[in-house]
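See structure below.
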Amino acid sequence: MSWAVLPAAGRGLRFGAGLPKQYLELAGRPLIEHSLRAVLDHDDVDGAMVVLAAGDRHWPGWREIGGKPVLVCTGGAERAESVLAGLRALPATVSEDQWVLVHDAARPCLRRADLARLLAVGRADPVGALLAAPVRDTLKRADHLGKSQATEPREWLWRALTPQLFRRGGLTRALDAALRAGVAVTDEAMAMERLGLRPCLVEGAEDNIKVTTPADLALAEFILGKDR
Ligand SMILES: Nc1ccn([C@@H]2O[C@H](COP(=O)(O)OP(=O)(O)OP(=O)(O)O)[C@@H](O)[C@H]2O)c(=O)n1
Ligand SMILES: C[C@](O)(CO)[C@H](O)COP(=O)(O)O
């Protein structure tokens, strides 16, 4: 059985709204509620730890969703710090060996089938797994003038998504080590990779988007309105 940690302590600066993007209305609910329900929907997920910014006054105060506990703790200045805080704040009943899903609060369009496949593949892997999407566009490297100076090979390149699935103890130690080393890890898999571990890439839907800009919110509205 697993718990979910949802990093939700960001300020949404690139979005530029008057409140953090995770609280913007999306399809009639706060964006974060879609992300929470998407992970709590799976029978093998027992509860969620939501990591809030210090002084967050937008959090609706849910204490359970769908009969499952929703706990909160305070995050840090970087996403990795928030995830580490969430891992440490999980109930003591969540053992070191237990699988934990880390899912961006800013990703409301997670598909049930993708979560199910991530859990099935990840729990059978010695390290863990992450949802990801193969790069399908040609990649250009820009110069300082904004000109295209080179084309980067895209074979073997994937875009990391979330959720990412790792065991509580191993991920906690990996994130703590990366932060102590001053390494700016941008996802959980990176913290594991720097220890020489190779999590499994599980192909996920391209519409599992991270809402970062206003255009993404409109796209998320369209995605959630589709029959999926
Ligand atoms: N210190 C931080 C930074 C980000 N996040 C969370 O990590 C996820 C992905 O981060 P991102 O999309 O970058 O969100 P923001 O940091 O809010 O965006 P911005 O960089 O535009 O401010 C989001 O759910 C965000 O709330 C977090 O918990 N703690
Ligand atoms: C974790 C993540 O969503 C995987 O693509 C991404 O790294 C988050 O990056 P952000 O800059 O914190 O949004």
Side-chain angles (χ1 to χ4, degrees), residues 4-24 26 29-39 48-60 70-90 100-111 114-115 118 122 128-135 139 157-166 171 174-175 178-179 183-194 199-217 219-220:
V5 170
L6 280 86
R11 294 183 294 168
L13 296 179
R14 287 171 286 181
F15 194 99
L19 73 166
K21 63 189 180 185
Q22 55 268 33
Y23 297 115
L24 293 171
L26 171 63
R29 294 173 175 194
L31 189 155
I32 191 172
E33 186 175 349
H34 294 279
S35 307
L36 259 171
R37 289 183 180 276
V39 289
M49 173 64 70
V50 182
V51 189
L52 303 177
D56 183 328
R57 52 190 170 79
H58 304 284
W59 170 246
V70 175
L71 309 179
V72 296
C73 70
T74 300
E78 299 300 328
R79 182 184 177 281
E81 293 172 67
S82 297
V83 173
L84 183 56
L87 289 166
R88 286 174 167 159
L90 286 170
V100 175
L101 288 159
V102 181
H103 184 50
D104 290 333
R107 289 186 188 267
C109 302
L110 172 63
R111 291 172 182 247
D114 283 5
L115 176 57
L118 175 72
L130 65 148
L131 286 180
V135 169
L139 297 178
L157 291 185
W158 293 59
R159 293 186 299 111
L161 308 172
T162 69
Q164 303 195 9
L165 180 73
F166 296 103
L171 181 56
L175 284 170
L179 288 166
V183 176
V185 292
T186 55
D187 74 342
E188 289 63 63
M190 184 178 169
M192 305 298 280
E193 292 153 12
R194 68 181 291 276
C200 193
L201 290 160
V202 177
E203 185 167 354
E206 296 269 356
D207 62 8
N208 178 10
I209 64 169
K210 180 165 67 71
V211 175
T212 305
T213 67
D216 298 326
L217 187 67
L219 180 55

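Read the numbers this way: they start at 1 and go in the same order the structure lists the ligands and their atoms. Residue indices begin at 1 and follow the sequence shown.
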Pairwise side-chain contact, Leu131 with Leu110, heavy-atom cut-off 4.5 Å (strictly under): yes

Non-hydrogen side-chain atoms of Arg29 and Arg37 separated by less than 4.5 Å: yes

Ala105 neighbourhood, listing ligand 1 atoms whose heavy-atom distance to it stays under 4.0 Å: 24 (O)

Validation row: Val51, Val83 side chains within 4.5 angstrom (heavy atoms): no

Test item, Gly12 contacting ligand 1 (heavy atom, 4.0 angstrom): yes

Ser82: numbered ligand 1 atoms lying under 4.0 Å from its heavy atoms: 1 (N), 2 (C), 27 (C), 28 (O), 29 (N)

Arg14 neighbourhood, listing ligand 1 atoms whose heavy-atom distance to it stays under 4.0 Å: 11 (P), 12 (O), 13 (O), 18 (O), 19 (P), 20 (O), 21 (O)

Side chain, backbone, both or neither: Arg79 near ligand 1, heavy atoms under 4.0 Å: both

Of the listed options Val51, Asp187, Leu31, Leu13, closest to atom 19 (P) of ligand 1 (non-hydrogen atoms): Leu13

Side chain, backbone, both or neither: Arg107 near ligand 2, heavy atoms under 4.0 Å: side chain

Part of Arg14 with heavy atoms under 4.0 Å of ligand 2, whether side chain, backbone, both or neither: side chain

Nearest neighbour in protein (non-hydrogen) for atom 11 (P) of ligand 1: Lys21 NZ, 3.6 Å

Within-4.5 Å side-chain heavy-atom neighbours: Glu203 and Pro134: yes

Any Leu130 side-chain heavy atom under 4.5 Å of Trp158 side chain: no

For Thr186, atoms of ligand 2 separated by under 4.0 Å from a heavy atom: 1 (C), 6 (C), 7 (O), 8 (C)

Identity and separation of the nearest protein heavy atom to atom 24 (O) of ligand 1: Pro7 O, 2.8 Å

N/O donor-acceptor pair under 3.5 Å between Lys210 side chain and Asp104 backbone: no

Exam field: side chain Gln22 to backbone Gly10, donor-acceptor pair closer than 3.5 Å: yes

Lys210 contact mode with ligand 2 (heavy-atom cut-off under 4.0 Å): side chain

Of Leu84, Val102, Val183, the residue whose pairing with Leu175 passes side chain to side chain contact (heavy atoms under 4.5 Å, CB included): Leu84

Atom 3 (O) of ligand 2 [closest protein heavy-atom partner, distance rounded to 0.1 Å]: Asp104 OD2, 2.5 Å

Close N or O approach (Ala106, ligand 1; < 3.5 Å): yes

Ala160-ligand 2 polar pair, N/O distance under 3.5 Å: yes

Non-hydrogen side-chain atoms of Val100 and Leu171 separated by less than 4.5 Å: no

Student check: side-chain heavy atoms of Pro20 and Phe15 closer than 4.5 Å: no

Protein heavy-atom partner closest to atom 28 (O) of ligand 1 - residue, atom, separation in Å: Ala9 N, 2.9 Å

Taking atom 8 (C) of ligand 1 as the reference point, the nearest protein heavy atom with its distance: Asp104 OD1, 3.6 Å

Any side-chain heavy-atom pair of Arg88 and Met49 under 4.5 Å: no

Residue part near ligand 1, for Arg107, under 4.0 Å between non-hydrogen atoms: neither

Within reach of ligand 1, part of Glu81 (heavy-atom separation under 4.0 Å): neither

Whether Thr74 side chain and Leu52 backbone form a donor-acceptor pair below 3.5 Å: no

Side-chain donor or acceptor of Asp114 paired with backbone N/O of Gly204 under 3.5 Å: no

Heteroatom distance test (Arg79, ligand 2): nitrogen or oxygen, under 3.5 angstrom: no

Distance filter under 4.0 Å to Gly76 heavy atoms, resulting ligand 1 atoms: 1 (N), 2 (C)

Enumerated ligand 1 atoms positioned under 4.0 Å from heavy atoms of Ala77: 1 (N)

Side-chain donor or acceptor of Asn208 paired with backbone N/O of Thr162 under 3.5 Å: yes

Per atom 5 (N) of ligand 1, closest listed option by heavy atom (Ala85, Gly10, Ala8): Gly10

